[in-house]
Amino acid sequence: MSDEVTIGGFGGSLRVDNVQALAGRVSSEIPERYVRPERKEEDAVDVNGHDVSEIYSIPIIDFSRLANPVSSKEETAKLHSACEDWGFFQLVNHGVPEEIINRMKQNTEEFFKLPLEEKEAFAQLPGQIEGYGQAFVQSEEQKLDWGDILFLGTLPPSVRQMRFWPTNPTSFRETIHEYAIELKKVSDLLLQKMSQNLGLEPEKLYDLFNDGIQAIRFNYYPPCPSPEKVLGLSPHSDAVGLTLLLQVNEQQGLQIRRKGGWLPVKALPQAFIVNIGDIVEILTNGRYKSIEHRAVVSNEKERLSVAGFLSLRIGRMVEPIPELVKEEGLLYRSITFEEYVADLFKRVQADSRRSQASEKHFFPPAPSASGRRLPRRPPPDPPPNQTWVRPTSQIRARVPPGLIDPHQSCDQRRPAGRTNPRPVMSATRADHADCTNPRHCD
Ligand code: OGA
Ligand code: NI
């Protein structure tokens with residue numbers, strides 16, 4: 001297999017302690033590299049001081065209603081507003097056989113239960129992001145996440161590096177293969193419905209992603225004696241097109257950025273938690289948003305999740321689809337997918353030197369939103385009367401720890417042309433109507 005088509009060649013991670021083993025050793029004192037001082041301030045920010053989870057929950061989309069001509073129109077409209085207003089939704093009745101979902105959950109749990117030496121037979125190699133380990137550790141100073149991962153390129157089959165695919169449990173490889181195919185069926189229909197919702201040719205998004213790279217990231221978050229001090233997964237957006245996440249056990253922990261706070265997502269059993277990634281944000285010229293999210297951990301029980309990332313193939317352009325560029329003008333510049341990925345890794349490296357863990361999780365999970373990051377060099381001059389906008393992830397990476405991230409904030413959406421040190425997205429004043437944070441709306 002040529003290195004060109006594998007994900008591993010995009011970059012690697014420094015070797016750090018295995019967190020599952022570390023969690024078994026520490027009793028109360030958490031090593032300093034895992035302590036996140038920003039959590040104190042950040043966690044205090046929610047909507048009017050309330051626990052935001054009491055007020056909001058992400059939309060639920062019924063996949064069987066999307067596919068059924070009788071209910072399709074209504075459900076497709078619901079999907080559109082979920083993509084525009086939330087960037088996140090839970091997908092139920094998605095049609096992936098329960099048997100495959102359950103086998104995936106079981107095999108994932110079995111794999112992480114294996115002794116460390118057995119898991120390490122599938123460890124990441126220097127300079128590669130695939131395999132068992134931790135993602136995007138780029139400097140000795142960087143804060144670390146309280147979690148381990150197994151990251152695999154899954155589709156098309158030519159991206160697979162089988163040396164990283166576990167052989168124990170014995171059914172795992174077959175399960176991953178079947179799950180990857182099922183995931184593609186689901187994402188294909190979602191992309192068709194999204195195209196329709198955006199007024200594009202029905203096959204437009206499907207065609208763009210049909211030959212794209214799919215990758216799966218298995219996340220294992222061990223229990224932590226001081227869960228309020230650490231993060232299982234640093235705030236990030238997914239640098240991919242779409243992410244479909246399956247929570248493996250009943251332990252919750254995913255939180256999304258919403259109205260200046262962190263909104264916990266209560267995963268429904270068997271559902272996929274779907275989110276828009278940076279690439280779809282760019283393709284839609286900012287219409288569908290790639291939302292920052294993170295994972296917190298518990299002091300009682302481990303948490304596991306399986307994130308399926310859908311991205312483009314090498315050679316594609318990452319740029320707004322011309323039909324979707326309206327009066328707001330072009331908000332993102334054109335870049336090749338290769339440049340996009342290279343930029344991502346550069347940015348992750350720069351962030352790590354500032355001791356921030358702003359990850360990109362994409363498939364190449366890439367690192368997160370991990371699926372994103374556009375311009376890796378200063379963009380060319382914008383056309384007259386236009387402002388180049390960087391994907392939210394790029395903006396996010398610049399926020400000092402402890403400050404509210406601008407990603408979801410209104411100030412990021414000020415009309416282009418207003419004085420603002422950051423690139424902005426064009427928007428109307430109405431976008432600010434429900435903002436509760438005085439820092440965002442002046
Ligand atoms: C990811 C991710 C969240 C979770 O893998 O990119 O955001 O709940 N995971 O594990
Ligand atoms: Ni993510």
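Atoms within a ligand are numbered from 1 in the order they appear, just like the ligands themselves.
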Nearest heavy-atom approach of Thr76 to Asn197 is O-ND2, 2.9 Å
Does Gln247 have a heavy atom less than 4.0 Å from any atom of ligand 1? no
Practice prompt. Verify the distance criterion only: is there a donor paired with an acceptor across the side chains of Asp145 and Tyr221 at less than 3.5 Å?
Written response: no
Contacts satisfying salt bridge (charged side-chain N to carboxylate O under 4.0 Å, His left out) that involve residues 108-118 (not counting sequence neighbours) are none
Taking only non-hydrogen atoms of Leu254 and a 4.0 Å limit, the atoms of ligand 1 in range are 3 (C), 8 (O)
So the atoms of ligand 1 within less than 4.0 Å of a heavy atom of Ser305 turn out to be 4 (C), 10 (O)
Please check if the number of heavy atoms outside Glu300 that lie under 6.0 Å from its CD is greater than 12.
no
Contact region, His293 to ligand 1, non-hydrogen atoms below 4.0 Å, reads side chain
Within 4.0 Å of some non-hydrogen atom of Arg217, the atoms of ligand 1 are 5 (O)
Between Asp238 atom OD1 and His236 atom NE2, the angle centred on the Ni ion (ligand 2) rounds (to 10°) to 90°
Taking only non-hydrogen atoms of Ala307 and a 4.0 Å limit, the atoms of ligand 1 in range are 5 (O)
A student checking ligand 1 against Asp238 at a 4.0 Å heavy-atom cut-off should list atoms 6 (O)
Atoms of ligand 1 under 4.0 Å from any heavy atom of Tyr221, numbered from 1 in the order shown, are 3 (C), 4 (C), 9 (N), 10 (O)
Tell me whether the rings of Phe111 and Phe172 are parallel (<30°), tilted (30 to 60°) or perpendicular (>60°).
tilted
A student checking ligand 1 against His236 at a 4.0 Å heavy-atom cut-off should list atoms 1 (C), 2 (C), 6 (O), 7 (O)
Review point. Hey, does Arg303 sit under 4.0 Å from ligand 1 if you only count heavy atoms?
Key: yes
Regarding Gln128 and Gln161, is there a side-chain donor-to-acceptor distance under 3.5 Å anywhere? yes
Problem - Min side-chain heavy-atom separation Thr243-Val274 under 4.5 Å - result: no
Note to self: Any side-chain to backbone donor/acceptor pair from Lys119 onto Phe112? Under 3.5 Å, distance only.
What the structure shows: yes
Polar side chain donor-acceptor pair, Gln247 to Gln252, under 3.5 angstrom
yes
Nearest non-hydrogen contact to atom 1 (C) of ligand 1 from the set Thr243, Leu233, Ile216, Ile149 belongs to Leu233
A student checking ligand 1 against Asn219 at a 4.0 Å heavy-atom cut-off should list atoms 5 (O), 9 (N), 10 (O)
